[in-house]
Protein chains: 2
Amino acid sequence: MGLRERKKLAARAALSWAALRLAMEHGPENVRVEQIAAEAGVSPRTFNNYFSSKEEAICAIGLDRQERVRAALLERPAEEPLWEAVITSVLEQYEGEPDREMVARVRMQMCHPSLQGEHLKARAEIERVLAEGIAERIGTDIRSDMYPSLVAAAVSSATRVAMNHWLNSEPPAELLSTLTEALRSLAAGLPQPPRRKKPSC
Amino acid sequence: MGLRERKKLAARAALSWAALRLAMEHGPENVRVEQIAAEAGVSPRTFNNYFSSKEEAICAIGLDRQERVRAALLERPAEEPLWEAVITSVLEQYEGEPDREMVARVRMQMCHPSLQGEHLKARAEIERVLAEGIAERIGTDIRSDMYPSLVAAAVSSATRVAMNHWLNSEPPAELLSTLTEALRSLAAGLPQPPRRKKPSC
DNA sequence: CGAAATATTGCGCGCCGCGCAAAAAGTCTG
DNA sequence: CAGACTTTTTGCGCGGCGCGCAATATTTCG
């Protein structure tokens with residue numbers, strides 16, 4: 001990779017990180033594009049060569065997670081059932097103790113109205129890549145077969161629901177177990193509602 | 001309901017429809033808020049009392065679908081299994097031949113970058129209402145039990161994937177059968193990839 | 001090095017979201 | 001219906017944004 005491309009990647013990352021940091025510190029509404037550009041060391045005009053809005057920049061962090069999940073998936077042993085491989089690949093992205101920083105970030109991205117749209121767009125992108133990975137693994141293609149996209153969408157949704165539940169859980173739950181529960185429920189088949197700790201009656 | 005509230009609803013609907021119509025005719029990028037307001041018979045300033053962007057107005061159509069699905073769900077016989085009730089309630093919203101108009105509308109909302117975010121936000125809202133309906137039906141609540149949200153998310157995702165597949169299908173597929181296939185796959189349990197017409201090898 | 005390719009920057013324009021306060025419209029009570 | 005109230009609409013104005021354009025700087029390649 002030449003100097004040119006490296007600098008572009010660096011600039012993009014710098015802008016994205018700067019956007020996130022400032023948004024975390026002052027709230028997304030109180031961040032000017034001007035500041036982000038300044039913190040990344042480029043002109044305000046250049047910002048828009050990389051992102052078409054500050055919201056996009058803020059949510060672009062973690063878009064590289066898509067490639068990590070995909071890579072993890074393709075490295076799972078071929079004899080492992082698809083579903084196991086997918087669940088494992090997703091879960092291992094969330095290993096380690098979630099720090100206060102991450103909680104605040106996820107909460108901001110998922111709850112702040114001005115970021116929701118972009119956040120969901122980012123999720124959709126991740127979902128697409130995951131679907132491609134699944135298709136590659138089982139030897140189909142996305143265009144003709146809905147199955148990979150369905151699996152990817154289900155996993156993505158379960159992850160989203162679990163994170164949302166985790167964020168609002170009182171008392172605070174564990175992230176990994178919440179995620180696992182959601183994915184396992186899905187795997188077990190949703191039609192049979194699992195009886196849980198808090199049954200209705 | 002007093003005159004006041006009726007007028008508000010009417011104004012909101014008028015703005016939303018005007019926004020959609022103009023976006024369909026000229027493309028979302030070429031619509032000014034001014035035009036939308038004019039077509040709805042209010043001042044431009046008033047537009048922003050109802051919607052915070054034209055994208056939001058465009059995607060707000062069909063947000064009432066949420067209530068229809070919910071109502072349909074709650075009217076299903078109580079002895080029917082949840083999953084059947086949900087699938088039926090969703091599918092019956094899509095009965096009838098999809099006209100050319102609808103195809104174009106869905107395609108615009110799902111594919112046009114400037115609308116994707118808002119469209120996904122709208123879906124999330126529908127999903128929330130659906131989850132509440134499910135919770136109400138099985139007698140749980142959303143806060144403590146992830147299950148209703150999981151089901152709602154799964155259904156919503158399957159619907160989205162199916163519509164996307166349907167839009168890009170070549171040759172054109174039937175909407176209802178595509179939707180049914182997606183929802184049934186989910187019901188059957190995703191872990192076992194169903195062997196289909198187009199197996200990979 | 002020198003030329004071609006590509007990225008950055010400054011400038012400027014039209015549009016947008018929204019706060020504010022005045023005016024208009026609907027509501028309620030006697 | 002009068003008149004006081006609540007709520008909505010509207011005009012005005014400001015700061016910010018997204019982007020096209022053309023000039024400039026930087027990287028690439030022969």
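Chain naming here is simple, since letters A, B, ... match the order of the sequence lines and numbering starts at 1 in each.
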Visitor: When you get a sec, tell me which of D:dT6, C:dC16, D:dT27 is the closest nucleotide to the side chain of B:R32?
Guide: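 In terms of side-chain proximity for B:R32, the closest of D:dT6, C:dC16, D:dT27 is C:dC16.
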Visitor: For the pair made of CE in A:M1 and C1' in D:dT27, what is the distance, rounded to whole Å?
Guide: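 About 15 Å, once rounded to whole Å.
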Visitor: Hey, does A:Y50 reach any base, or is it just sugar-phosphate, or nothing, if we go heavy atoms under 4.0 Å?
Guide: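 Sugar-phosphate: the residue A:Y50, judged by heavy atoms under 4.0 Å, touches backbone atoms but no base.
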Visitor: Between C1' on C:dC18 and NZ on B:K54, what's the gap in Å once rounded to a whole number?
Guide: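 Spelled out: NZ on B:K54 to C1' on C:dC18 is 17 Å.
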Visitor: Rounding to an integer number of Å, can you tell me how far A:R6 CZ sits from C:dT6 P?
Guide: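 After rounding, the reported distance stands at 18 Å.
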Visitor: Which one, D:dG11, C:dA7, C:dG10, comes nearest to the side chain of B:R45?
Guide: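 Closest nucleotide among those given: D:dG11.
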Visitor: For A:W166 versus A:P98, what's the shortest heavy-atom pair and its separation?
Guide: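 Looking at all heavy atoms of both residues, the shortest contact is CZ2-CG, 4.0 Å.
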Visitor: Starting at CG of B:L15 and ending at P of C:dG17, how long is that distance when rounded to a whole Å?
Guide: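 Result: 13 Å.
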Visitor: Which sits closer to the 5' end of DNA chain C, A:V42 or B:E34, going by the nucleotide each is nearest to?
Guide: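 The residue mapped nearer the 5' terminus is A:V42.
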Visitor: Side chains of B:S144 and B:D141: any donor to acceptor distance under 3.5 Å?
Guide: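 A donor-acceptor contact under 3.5 Å links the two side chains.
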Visitor: May I have the step-by-step check of salt bridge (Lys or Arg N to Asp or Glu O under 4.0 Å) for A:R105 and A:E101, ending in yes or no?
Guide: CA-CA 6 Å; A:R105 175 165 51 87; A:E101 184 80 5; over 6 Å; no
Visitor: To the nearest angstrom, how far is A:F47 atom CZ from C:dG10 atom C1'?
Guide: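 Distance, rounded to whole Å: 18 Å.
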Visitor: Is any NZ, NE, NH1 or NH2 atom of the basic residue among A:R160 and B:E127 found under 4.0 Å from an Asp or Glu carboxylate oxygen of the other?
Guide: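 Answer for the salt bridge query: yes.
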Visitor: For D:dT26, take OP1 and OP2 only and decide whether either is under 4.0 Å from a side-chain N or O of A:K7.
Guide: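 It does not, given that no N or O in the side chain of A:K7 lies less than 4.0 Å from OP1 or OP2 of D:dT26.
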Visitor: Is there a donor-acceptor contact under 3.5 Å linking the side chains of A:R65 and A:Q93?
Guide: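 Side chains of A:R65 and A:Q93: no pair found under 3.5 Å.
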Visitor: Tell me: CG of A:N49 to C1' of C:dC11, nearest whole Å?
Guide: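 So the two atoms are 14 Å apart, to the nearest Å.
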Visitor: Measure the distance from CD on B:E56 to P on C:dC18 and round it to the nearest whole Å.
Guide: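 About 9 Å, once rounded to whole Å.
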Visitor: Among D:dT6, D:dC19, D:dT9, find the nucleotide with the atom closest to the side chain of B:R4.
Guide: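 The closest nucleotide is D:dT6.
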Visitor: From C:dC16, D:dT27, D:dG18, pick the nucleotide closest to the side chain of A:N48?
Guide: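 My answer, after comparing the listed nucleotides, is D:dG18.
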Visitor: Would you please confirm or rule out a distance under 4.0 Å between OP1 or OP2 of D:dT10 and any side-chain N or O of B:T46?
Guide: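 So the side chain of B:T46 is within the cut-off, an N or O lying under 4.0 Å from OP1 or OP2 of D:dT10.
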Visitor: Whole-Å distance between C:dA5 C1' and A:L3 CG?
Guide: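 Value for this atom pair: 14 Å.
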